[in-house]
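Worksheet for the structure shown next.
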There are 2 protein chains.
Amino acid sequence: MNKKQLQSEQTKKRVAEAARTLFAQKGYTATSIEDIVAATGSSKGNIYYHYQNKEGLFLYLLDEWDREWKEQWAEKEQLYSTIEEKLVGFAEHLVVNDLNHPLTKATDEFIYSEWKRSDVQEEVANYLSNHVQMNQRMLQQAMDAGELKTTDAWTLGFILEGLLMGLGEMSKRSPNYDTTLNIYRQAIHVFLHGTVLHKPSDQALAQGIGSQ
Amino acid sequence: MNKKQLQSEQTKKRVAEAARTLFAQKGYTATSIEDIVAATGSSKGNIYYHYQNKEGLFLYLLDEWDREWKEQWAEKEQLYSTIEEKLVGFAEHLVVNDLNHPLTKATDEFIYSEWKRSDVQEEVANYLSNHVQMNQRMLQQAMDAGELKTTDAWTLGFILEGLLMGLGEMSKRSPNYDTTLNIYRQAIHVFLHGTVLHKPSDQALAQGIGSQ
DNA sequence: ATGTATACCGAACGTTCAGTATGTAAGAAT
DNA sequence: ATTCTTACATACTGAACGTTCGGTATACAT
């Protein structure tokens with residue numbers, strides 16, 4: 001690694017970090033290249049030297065994020081044994097690493113602003129599909145272990161993903177950390193144990209015993 | 001009502017309808033006032049005569065949508081008796097009236113593109129809060145009727161809203177109607193009955209009876 | 001018949017912003 | 001010592017778009 005190459009790499013990172021901060025603060029569209037120029041002291045031409053374009057710069061940041069996210073969860077996952085622990089841990093991981101990540105909102109904005117472009121749509125679909133499959137594996141394991149009712153694991157994975165994504169969507173608006181964490185935990189509980197009241201009489205009747 | 005006023009109202013509606021179609025097809029940002037001009041044959045000045053600005057025009061469309069949605073659900077709700085029927089009906093209503101509504105994506109785009117503006121954020125928060133409260137009432141009724149376990153109805157309403165919103169978010173990408181409807185129904189089932197396998201031994205032990 | 005408010009037109013403006021063309025200096029290669 | 005390449009700077013382009021505004025036509029009231 002040359003002295004020159006080293007310098008170059010550093011400036012590239014400097015740009016990336018400044019961009020991340022700005023995207024987080026102002027959003028994707030509202031952050032202009034000029035803003036990044038002003039924040040880095042670097043020049044416009046230089047940014048276009050290091051990154052293909054504005055979108056490329058943003059996608060670079062998303063890649064970094066995804067990589068880190070996966071690494072961290074892979075480490076954490078091993079710590080849990082039962083499906084309940086695992087799901088709660090997963091929910092917590094989401095709250096900590098996604099909900100509070102600076103780029104969540106900017107990413108949503110980016111996706112929806114470019115929502116017509118098929119390549120973006122494809123990538124999002126891919127990302128979701130991966131997540132659903134991840135959930136599916138997790139749930140299937142639990143089914144095989146006799147922890148969960150045996151049903152279609154893919155559908156269940158889809159529902160779990162929907163639940164967590166929806167909670168995220170809602171929680172982005174109200175930034176109370178403890179409440180959010182609590183809601184996520186309760187949501188996992190609902191996912192596992194449901195909400196209907198099993199009247200003693202019902203169970204008893206089903207088992208051929210008198211009520212009460 | 002004058003002949004002139006009538007004409008005026010008609011053109012206003014003509015603009016609204018053309019705008020709705022265009023917003024649905026191209027999204028909010030990508031639809032220019034010029035596009036609407038071209039589609040209506042009306043002029044730019046005329047559009048600004050009838051509506052405050054581009055945003056005002058869009059919000060007008062959202063208002064219409066919301067009004068219709070509420071009316072239709074109010075009618076439907078009376079038809080159900082148990083909470084299970086009601087929730088399934090609710091889910092179906094969402095799939096039919098929201099997921100397939102032309103403005104869903106454009107609305108998301110609009111919200112995220114204007115996500116910095118506090119008034120927009122407030123309105124969204126309001127909208128969500130209303131929905132959660134709606135769910136809360138529904139669930140509280142079911143709790144009072146002994147259909148559901150008695151817990152915090154607000155949290156449960158929040159979770160339900162999250163679940164449905166997340167499923168919507170996911171289903172927007174895969175437009176298979178039947179699959180979507182099926183997933184929603186199963187999601188309601190999970191919400192009500194959970195996913196864990198109640199081993200017979202567990203229940204039996206809890207009740208002090210031998211297994212099987 | 002005439003004044004007036006309403007409905008509508010369309011050219012022009014001002015601004016924003018991603019992207020490019022061109023220049024240059026310093027380090028690396030020969 | 002020279003040439004070449006890399007890394008960065010400056011100035012500029014061109015297009016898009018929301019909004020404004022001076023003006024016109026039409027229906028209605030008096």
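Because the structure is predicted, anything quoted here is derived from the model rather than measured. A, B, ... follow the sequence lines: proteins, then strands. Residue 1 opens every chain. The figures that follow rest on heavy atoms only: side chains count, while hydrogens, waters and symmetry mates do not.
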- Item | Sequence-aligned protein contact record of nucleotides 16-30 of chain C, with B where the base is within under 4.0 Å of a protein heavy atom and S where only the sugar-phosphate is | --BBB-----B-S--
- Which residues, if any, of residues 106-117 of chain B bring a heavy atom under 4.0 Å of DNA chain C? none
- side-chain N/O B:S42 vs C:dC9 OP1/OP2, d < 4.0 Å: yes
- Identify, with sequence neighbours excluded, every residue that meets side-chain contact (heavy atoms from CB on, under 4.5 Å) alongside B:A39. B:A18, B:L22
Distance-only criterion, 3.5 Å: show the donor-acceptor pairs between side-chain atoms of residues 189-196 of chain B and protein atoms not counting sequence neighbours.
from   : atom 1 : to     : atom 2 : distance (Å)
B:H189 : NE2    : B:H193 : ND1    : 3.4
B:H193 : ND1    : B:H189 : O      : 3.4
B:T195 : OG1    : A:F191 : O      : 2.9

- OH/B:Y51 to CD1/B:I47 distance, rounded to the nearest 0.5 angstrom? 9.0 Å
Please tabulate, one pair per line, all N/O donor-acceptor pairs under 3.5 Å involving side-chain atoms of residues 4-17 of chain B, not counting sequence neighbours.
from  : atom 1 : to    : atom 2 : distance (Å)
B:Q5  : OE1    : B:N2  : N      : 3.0
B:T11 : OG1    : B:Q7  : O      : 3.4
B:T11 : OG1    : B:S8  : O      : 2.7
B:T11 : OG1    : B:H50 : NE2    : 3.4
B:R14 : NH2    : B:T40 : O      : 3.4

- OP1, OP2 of C:dC8 versus side-chain N and O of B:S43: anything below 4.0 Å? no
- Task: Please test B:Q140 against B:L156 for side chain to side chain contact (heavy atoms under 4.5 Å, CB included), starting from the C-alpha separation and ending with a verdict.
- Result: CA-CA 9 Å; B:Q140 186 66 58; B:L156 216 57; over 6 Å; no
- Note on the structure: Rounding to 0.5 Å, atoms OH (A:Y28) and CG (A:D108) come to a distance of 14.5 Å
- Item | Pairing residues for B:N182 by the side-chain contact (heavy atoms from CB on, under 4.5 Å) criterion, not counting sequence neighbours | B:Q186
- Check: B:K54 side chain, B:T31 main-chain N or O, donor-acceptor pair, under 3.5 Å: yes
- Task: Keeping to residues at least two apart or across chains, list the salt bridge (charged side-chain N to carboxylate O under 4.0 Å, His left out) pairs with something in residues 120-136 of chain B.
- Result: none
Could you list the donor-acceptor pairs under 3.5 angstrom formed by side chains in residues 90-105 of chain A, with sequence neighbours left out?
from   : atom 1 : to     : atom 2 : distance (Å)
A:E92  : OE2    : A:R185 : NE     : 2.9
A:E92  : OE2    : A:R185 : NH2    : 3.0
A:H93  : NE2    : A:N97  : ND2    : 3.1
A:N97  : ND2    : A:H93  : O      : 3.0
A:D98  : OD1    : A:W69  : NE1    : 2.7
A:H101 : ND1    : A:L103 : N      : 3.0
A:T104 : OG1    : A:H101 : O      : 2.8

- Message: Heavy atoms only, 4.0 Å cut-off, all strands: where does A:G56 land among base, sugar-phosphate and nothing?
- Response: nothing
- For DNA chain D, which residues in residues 11-25 of chain A have a heavy atom at a distance below 4.0 Å? A:T11
- Task: Give me the first and last nucleotide of DNA chain D, going 5' to 3', that has any atom under 4.0 Å from a heavy atom of chain A.
- Result: D:dT5 to D:dT10
Taking distance alone, no hydrogens or angles, what donor-acceptor pairs closer than 3.5 Å link side-chain atoms of residues 57-67 of chain B to residues at least two apart or in another chain?
from  : atom 1 : to    : atom 2 : distance (Å)
B:E64 : OE1    : B:R20 : NH1    : 2.8
B:D66 : OD2    : B:K70 : NZ     : 3.2

- Item | Those residues that, when tested against A:Q136, pass side chain to side chain donor-acceptor pair (under 3.5 Å) (two or more places apart) | none
- Please round to the nearest 0.5 Å and tell me the distance separating atom OH of A:Y184 and atom OG of A:S171. 4.5 Å
